[in-house]
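Here the structure is laid out as structure tokens; the discussion comes afterwards.
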Amino acid sequence: MKIVRFRHRGSTLEGEVLDPKTLRTPNGSRVPLADAKLLAPCEPTKLVCVGRNYADHAAELGNPVPEEPLLFLKPPSAVIASGEEISYPEYSRLLHFEGELAVVISERCKNVPAHEAPHVIRGYTAMNDVTARDAQRADQQWTRGKCFDTSAPLGPWLETELDLLDVAIRTTVNGTRRQEGSTRDLVFRVPHLVAYASRVMTLEPGDVIATGTPAGVGELRIGDTVEVEVEGVGVLCNTVVRGSSEAAIG
Ligand code: MG
């Protein structure tokens, strides 16, 4: 089942995706997707992201594969929905896309054993871990590199049922395939990531665990349209615009 959050006629609704063009509201009425404004599929208190979780991606940036998951956070202010714009930070000259599978948590939890991880997962979606690579490289902390407004496009919706063994993740820029990988190549798999992250901090409903990017990261320029497809979930689509000084709107 695909769960979607959207705005329609002034209301914020959570419904179901019936087919690629039709949504169903909680009261059963049908809304053409074209008449709805998609919202990010969850409202996280934090996004727990995993770095270097595909060996081929670690190698392409000259990094070793870590012995335990390498975690960093993105703030909720980084989240945008599919269809919203990525704002190119004014301090960066090298913006990268990173297509990823994201896991959304269903309930408050802490110290979840790996074998119980499925019980605290609400669903799966696509994320673009947009990165100002030059700022990431310049700073020991990755806050400027990965936490700016609009650096966490998320969506287009949640898929509640997904066999995680071999899920394709594909990123295109302006229609050209730039990145393709599969969850079969994850270094640390989803149950281990949920267990590991929940040992560090309490996870809340709507929190996101972004599982890392496969090889093939590359540059985004102003005007580019970037799509991250997670097989069986959907396509997250965003356009890059020049950085704005306005506050993020959610
Ligand atoms: Mg990443």
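One-based numbering, in listed order, for ligands and for the atoms of each. If you're wondering where the values come from, they're calculated on a predicted model, not measured in any experiment.
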Does one side chain, of Gln179 or Thr213, offer a donor that lies under 3.5 Å from an acceptor on the other? yes
With side chain to side chain contact (heavy atoms under 4.5 Å, CB included) as the test, would you mind laying out the steps for Val217 and Glu60 before giving the verdict? CA-CA 9 Å; Val217 300; Glu60 75 177 341; 3.4 Å; yes
Flag for Thr45-Asp207: side-chain donor and acceptor within less than 3.5 Å: yes
I'd like to know if Met201 and Ile209 are part of one continuous hydrophobic network [Ile/Leu/Val/Met/Phe/Trp/Tyr, side-chain heavy atoms within less than 4.5 Å]. yes
Compute both the distance and the angle, then confirm whether Arg178 meets the cation-pi test with Phe97: under 6.0 Å from the six-membered ring centre, within 45 degrees of the axis. no
Under 2.8 Å from the Mg ion (ligand 1), protein N/O/S atoms total 3
In plain terms, say whether Arg133 and Glu98 are close enough for a salt bridge, that is, a side-chain N and a carboxylate O under 4.0 Å apart. yes
